[in-house]
There are 2 protein chains.
Amino acid sequence: MPDRLWKVGELAARTGLTVRTLHHYDAIGLLSPSGRTGSAHASGHRLYIAADVTRLHQIVCLKQLGFSLEQVKEYMTRADYDPRAVVRLHLEKVRRQAAELAELGDRLEALANTLDAADAVSPDTFLETIEVMTMIEKYYTPEQLEQLKQRKEQVGDARIKEVEAEWPRLMAEVRTAMDAGTDPADPKVQDLARRWVGLVNEFTGGDPGIFKSLSSMYANEDNVRGMDVPAMRTMMEYVQKAMSAAGITFAGQ
Amino acid sequence: MPDRLWKVGELAARTGLTVRTLHHYDAIGLLSPSGRTGSAHASGHRLYIAADVTRLHQIVCLKQLGFSLEQVKEYMTRADYDPRAVVRLHLEKVRRQAAELAELGDRLEALANTLDAADAVSPDTFLETIEVMTMIEKYYTPEQLEQLKQRKEQVGDARIKEVEAEWPRLMAEVRTAMDAGTDPADPKVQDLARRWVGLVNEFTGGDPGIFKSLSSMYANEDNVRGMDVPAMRTMMEYVQKAMSAAGITFAGQ
DNA sequence: GGTACACCCTGACGTAACGTGAGGTTCAAG
DNA sequence: CTTGAACCTCACGTTACGTCAGGGTGTACC
């Protein structure tokens, strides 16, 4: 039956496409039926011949390979392309997209694991976790993250909670000393500086790379886990004076 | 500077978004600035406060995880979701998409290799190759394809070309016999049937699975590599009568 | 106080590949 | 000649903005 005629509905049923899709292909000039009922009356029913069916099949194939309708059209009208080059190029694009999606998947999985490890997950902690993770990924290399993860396991949750509680206390004391106009060289301030350096060293583990990433993060972000970083930068200048006076430095800088 | 105000341009520069994007977020109610210049005059410049900046940051993070703006909005307004479940669900979706893209990549690579192996690649042979590959993927399992590939290497290109040239000749002869009204039991027709069976056996290698897939393909498709399959089905009935008369069967059926 | 100029504003249309009606017409059977 | 199914042509909706067009605003300088 090579000279049989097909109506849209039949063709749609056969190919798994919808009637609307065939209408669309007609509208954009990708596949117009070779005939219509009622001759030139316009608005007659579409009649597709065998050649149209073949063309449609090719269109579907190219679509399944991920080409856009525009590309398919270009490709089928102007046949002056090098098929190999086209396929190779398209392949590269698909590979890139696949890699990106896979990486996104990895990040989501890491997030999911982090959330599972947390005690309670309110929407707020959720948003905070995401923010922290995103920021962290921006400043630390994957190797550094692995390193931090191992250190975290060594140190243990208890100590981490202690440190997290210690920071606000320390910052409050530094602020008090600054507001009081205390000389950074004052032994009390030098003590504060020693505690500050101690906490930072505990985090970096003396690794210069991690110290650099950390510095970079606090230099560029204004908000890290809800902390007022600009204020911290001001304190840092003060603390650094005290460090000079006490003759101490960060580990591994 | 927690109480500093930001204008769209500044915020855009800081976040890497565009001004238009911020306008868009405002328009869809995802992030509206807390203030405007010129009070209630309408059409004053947008003024974002620190809280707005934080919210924007969270929006950006969620977007980078692949959530749609609609989802982000839902998530940030109604906070009665289980973050873990949401992330796991989203993760699965992303993984599925990544797998699909990876598979598409594999198919494209197979296509590219096939094209590289071909002598000349005109757009027509290209389209034909795609059609054949797509159809083949539909009927044969990956294992069967591997099997066919190995057999193809064993047999060699020369024999494949011979067979491809032989089919049209054979079909023409069968048609002639049919049109002449020759009895299928006629020895001449039995010979034709033997040749037919021989060619099919050579392709299937006597594998029942491949025979089944092949049959399925020719039973469901009306066009395989430009061949008039409906006509072949008619011939097949005739050939089968001759096969019965000759007492032969397909290998491994 | 005026003026330049950068920056801001609000529409409004375009994108890809159709989905989804609305409202009217045509075909094939009875 | 009448159904009912299948068909027809608009035309708007979808996503996340890009890209003008045409006109206001803020601020620095004279």
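Letters A, B, ... are given to chains in the order of the sequence lines, protein chains preceding strands, and every chain is numbered from 1.
Taking side-chain N and O atoms only, T37(A) has a distance below 4.0 Å to OP1 or OP2 of dC27(C).
Of the listed nucleotides (dC8(D), dC9(C), dC17(D)), dC8(D) has the atom at the smallest distance from the side chain of R36(A). The side chain of S43(A) lies closest to dC8(D) when the candidates are dC8(D), dC8(C), dC27(C). When the nucleotides dG18(D), dC18(C), dC7(D) are ranked by their closest atom to the side chain of V8(A), dC7(D) comes out on top. Of the candidates dC8(C), dC18(C), dA6(D), dC8(C) carries the atom nearest the K7(B) side chain, counting heavy atoms from C-beta on.
Under a 3.5 Å cut-off, the side chain of E10(B) and the backbone N or O of K7(B) do form a donor-acceptor pair.
Protein atom CG of D26(B) is 14 Å distant from nucleotide atom P of dC17(D), rounded to whole Å. What separates NE2 of H24(B) from C1' of dC9(C) is a distance of 18 Å, to the nearest Å. Atom CD of E74(A) and atom P of dA16(C) are 13 Å apart (whole Å).
Of the residues listed (V8(B), L5(B), L11(B)), the one engaging R46(B) in a side chain to side chain contact (heavy atoms under 4.5 Å, CB included) is V8(B), and it is the only one.
When each of R20(A) and R46(A) is assigned the nucleotide of DNA chain D with its nearest heavy atom, R46(A) is the one assigned upstream, toward the 5' end.
Using a 3.5 Å distance cut-off with no hydrogens or angles, the side chains of T18(B) and T21(B) do pair a donor with an acceptor.
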